[in-house]
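These numbers come from the heavy atoms of this one structure, side chains and all, not from hydrogens, waters or symmetry mates. Count residues from 1 along the sequence. All values reported here derive from a predicted model rather than from experimental measurement.
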Amino acid sequence: MRLWHRLVEPTAAITDTQHHREARVIAGLSLALIFVAIGGILVTVSRYTDTQKVAVLPACVGTALFVYPYHLSRRGKVQGAINALAVIASVLISSAIYAVGGSTGRDITYYYIMVTLFISAFSDASTRSYG
């Protein structure tokens with residue numbers, strides 16, 4: 001648990017308790033998304049045809065983009081991290097749907113619901129301005 005705490009603790013000096021907590025949550029969520037995306041790719045890749053595997057490769061490599069919101073949240077830039085997470089997730093979901101197609105691609109569309117829930121859960125945080 002100490003390692004996780006070190007990984008999500010903001011590097012920027014944040015005096016506001018709520019802002020500090022939100023930065024930790026977004027950093028943790030970004031890391032969790034990286035791990036879940038990699039795990040999901042490894043578990044589902046056997047279901048793909050060779051053509052689908054080649055087509056989904058950019059989306060797999062795009063998983064590394066989640067490092068950007070992680071970096072922003074560690075620096076205390078919560079609003080930017082929230083927006084970056086939403087945009088990156090939406091782009092990766094769209095590219096995976098296009099690449100995989102068929103019923104598997106249709107199943108992937110359910111992840112759009114997760115992005116919508118994420119944005120609504122943090123909408124209060126994303127509209128705040130921290131100086």
Side-chain angles (χ1 to χ4, degrees):
M1 212 49 164
R2 288 183 78 120
L3 174 63
W4 185 258
H5 182 71
R6 267 198 221 145
L7 288 172
V8 299
E9 191 63 28
T11 57
I14 301 173
T15 56
D16 182 56
T17 307
Q18 183 66 22
H19 186 142
H20 188 268
R21 185 177 306 124
E22 289 168 354
R24 281 194 346 235
V25 167
I26 299 300
L29 184 60
S30 298
L31 281 179
L33 283 171
I34 291 169
F35 295 138
V36 168
I38 291 170
I41 291 164
L42 294 175
V43 169
T44 61
V45 75
S46 64
R47 294 176 49 192
Y48 300 157
T49 65
D50 289 338
T51 306
Q52 288 174 325
K53 287 178 186 175
V54 171
V56 82
L57 187 61
C60 296
V61 173
T63 300
L65 293 174
F66 285 115
V67 171
Y68 180 64
Y70 169 74
H71 173 73
L72 287 176
S73 64
R74 297 267 330 261
R75 292 171 115 2
K77 300 180 181 193
V78 176
Q79 181 178 358
I82 291 167
N83 294 337
L85 268 174
V87 168
I88 291 167
S90 296
V91 167
L92 290 178
I93 291 166
S94 298
S95 64
I97 291 168
Y98 177 75
V100 175
S103 64
T104 304
R106 189 176 57 244
D107 292 343
I108 294 171
T109 60
Y110 296 115
Y111 292 107
Y112 278 124
I113 296 169
M114 298 307 293
V115 172
T116 305
L117 291 174
F118 168 78
I119 292 170
S120 65
F122 287 96
S123 64
D124 183 42
S126 65
T127 57
R128 272 189 241 133
S129 175
Y130 295 105

Ignoring hydrogens and angles, write down the donor-acceptor pairs under 3.5 Å from the side chains of residues 34-43, residues two or more places apart or on other chains.
none

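- Every side chain to side chain contact (heavy atoms under 4.5 Å, CB included) that Thr49 has, sequence neighbours left out, goes to Thr51, Gln52.
- Put simply, CD on Glu22 and CG on Asp16 are 8.0 Å apart, with the number rounded to the nearest 0.5 Å.
- For Val45, the side chain to side chain contact (heavy atoms under 4.5 Å, CB included) test picks out Tyr48, Lys53, with sequence neighbours left out.
- Side-chain atoms of Arg75 do not come within 3.5 Å of backbone N or O of Pro10 as any donor-acceptor pair.
- By the 4.5 Å side-chain criterion applied to Ile, Leu, Val, Met, Phe, Trp and Tyr, Val91 is assigned to a cluster that also includes Val87.
- Nearest heavy atom pair, residue Ser30 against residue Phe66, reads CB-O, 3.8 Å.
- With a 4.5 Å cut-off between side-chain heavy atoms of Ile, Leu, Val, Met, Phe, Trp and Tyr, the cluster of Tyr68 takes in Leu72.
- The CZ atom of Arg74 sits 14.0 Å away from the CD1 atom of Ile26 when rounded to the nearest 0.5 Å.
- The closest side-chain heavy-atom distance from Leu33 to Tyr70 is not below 4.5 Å.
- Hydrophobic clustering (ILVMFWY, side-chain heavy atoms < 4.5 Å, transitive): Leu65 and Ile82 are in one cluster.
- Formation of a donor-acceptor pair under 3.5 Å by the His19 side chain with backbone atoms of Ile14 is not found in this model.
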